[in-house]
Amino acid sequence: MKVSYLNPISKLGLDLFDDKYEVGAEYAESELVLVRSAAMHDLDLPACQLAVARAGAGVNNIPVEKCADSGIVVFNTPGANANGVKELTVAGLLLASRKIAQGIDWCQTLAEKGEAIPALVEKGKSQFAGPELMGKTLGVMGLGAVGRLVANAGVALGMRVLGHDPYISVENAWQLSREVEHSTDLDQMLSQCDYLSVHVPLTPDSRNLFRREIFEKMKPGAALLNFSRGALVNDADVKAALSQGKLRAYVTDFPNADLVGTPGVVCIPHLGASTPESEENCVRMASRQIRDYLENGSIR
Ligand code: MLT
């Protein structure tokens with residue numbers, strides 16, 4: 001069986017394929033494809049292809065319908081990188097409150113100031129002051145593998161945490177701290193949060209979900225965090241909300257030409273799952289799923 005991969009893939013997961021598999025084959029000749037973030041929508045699906053496995057949770061870079069029509073099974077790896085994304089979301093909460101990114105940028109501008117730097121730092125630091133997280137309210141929208149960890153982390157940081165997810169699974173509900181408040185009324189949650197963290201998948205229904213109508217319902221001066229998918233948020237509306245002071249900050253793992261350089265936007269270069277641990281967990285899960293399908297006929 002020929003296995004190709006469209007992105008650099010952790011070697012530790014690829015080792016799960018034994019001698020029956022030729023790993024690193026040409027895409028056009030491969031029965032199995034491993035992919036991370038490469039967009040597959042414009043690629044031809046080789047006639048020999050049997051399965052595509054995404055080393056990650058989202059499948060929006062894969063033509064799922066086209067694969068289904070051709071009998072190609074698409075796997076993803078929900079949960080395998082959840083801890084990596086949760087940890088970056090915690091960093092995002094801090095970046096949204098303390099002006100850490102702006103302060104670091106400012107320190108770089110002092111590079112030529114030599115011995116004067118310590119005094120300049122003490123004089124200039126007040127412009128980067130920001131509030132603490134403890135006691136503030138965090139709203140978590142989507143309580144799946146990542147959202148539930150973020151909600152629990154918020155509790156551990158001393159925040160009041162509201163969770164909203166009409167489709168929460170029993171498994172995820174069991175894993176939530178009992179201190180997370182179940183919010184059935186989204187509008188009420190939006191009006192109370194100092195921070196709103198988005199953990200929903202990108203689907204035709206959720207595209208542009210976070211737009212003007214939502215921002216108007218949010219507590220004035222709240223911060224929005226997006227470590228899920230860029231297209232969930234309407235960029236023009238988020239920029240308008242920032243310039244009108246309705247939002248204080250937008251921390252996103254999905255920079256684009258509209259967002260980079262916009263005051264109030266903190267751009268991170270899609271680092272949520274970029275940890276050795278997440279990469280290895282995802283490829284291991286993907287490799288096991290593919291083998292289980294081919295060798296035992298199981299589809300999970
Ligand atoms: C995901 O969908 O889980 C992430 O986008 C994975 C990644 O960063 O490759």
Side-chain angles (χ1 to χ4, degrees), residues 3-14 16 27 32-41 43 51-65 67 73-92 95 140-151 153 165 167 169 171-172 175 197-210 224-233 235 250-256 259 266-290 300:
V3 185
S4 64
Y5 44 92
L6 298 178
N7 299 98
I9 296 281
S10 168
K11 184 153 172 7
L12 290 160
L14 294 177
L16 290 181
Y27 169 76
L32 312 165
V33 183
L34 287 164
V35 58
R36 190 168 166 195
S37 295
M40 289 187 67
H41 289 279
L43 294 182
V52 174
R54 163 109 221 279
V59 288
N60 55 301
N61 57 326
I62 299 171
V64 178
E65 300 272 321
C67 288
V73 184
V74 177
F75 296 95
N76 66 340
T77 60
N81 57 22
N83 190 63
V85 182
K86 173 210 71 180
E87 287 188 6
L88 200 70
T89 307
V90 171
L95 290 167
V140 181
M141 194 153 159
L143 294 163
V146 178
R148 76 170 196 229
L149 294 180
V150 169
D165 189 342
Y167 311 105
S169 70
E171 167 67 17
N172 285 326
Q175 306 288 332
S197 196
V198 174
H199 300 284
V200 298
L202 179 64
T203 65
D205 288 340
S206 64
R207 186 172 288 275
N208 265 323
L209 182 62
F210 296 87
L224 177 68
L225 286 84
N226 180 7
F227 289 88
S228 294
R229 282 294 177 265
L232 293 167
V233 175
D235 292 335
Y250 175 43
V251 182
T252 178
D253 212 14
F254 307 96
N256 63 32
L259 296 172
V266 178
C267 288
I268 301 172
H270 196 187
L271 292 182
S274 290
T275 68
E277 295 86 351
S278 287
E279 288 174 15
E280 187 184 329
N281 285 343
C282 285
V283 180
R284 283 189 176 276
M285 192 192 267
S287 307
R288 283 203 189 94
Q289 285 172 326
I290 282 186
R300 255 178 294 161

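Indexing begins at 1, ligand by ligand and atom by atom, following the structure's order.
Under 4.0 angstrom from ligand 1, the non-hydrogen atoms of N81 all belong to its side chain.
Protein heavy atom in closest approach to atom 6 (C) of ligand 1: R54 NH2, 3.3 Å. The nearest heavy-atom contact from the protein to atom 3 (O) of ligand 1 is A57 N, 2.7 Å.
Closest non-hydrogen pair, M40 versus Y27, comes out as CE-OH, 3.8 Å. Pairing each heavy atom of A286 with each of L34, the nearest pair is CB-CD2, 3.7 Å.
Looking at G56 next to ligand 1, no N or O pair under 3.5 Å apart turns up.
Looking at N76 and R54, their side chains never bring a donor and an acceptor atom within 3.5 Å of each other. Under the 3.5 Å distance criterion, with hydrogens and angles disregarded, a donor-acceptor pair is assigned to the side chains of S274 and R36. Using a 3.5 Å distance cut-off with no hydrogens or angles, the side chains of N256 and D235 do pair a donor with an acceptor.
H199 has its ring centre no less than 6.0 Å from the ring centre of F227.
Judged by the shortest distance from any of its heavy atoms, S37 lies inside the 4.0 Å radius around the atoms of ligand 1.
Of the listed residues (R36, R229, E279, H270), the one carrying the non-hydrogen atom nearest atom 2 (O) of ligand 1 is R229.
Close approach of ligand 1 to G58 (heavy-atom distance below 4.0 Å) involves ligand atoms 1 (C), 2 (O). For ligand 1, the atoms lying closer than 4.0 Å to a non-hydrogen atom of A273 are 6 (C), 7 (C), 8 (O).
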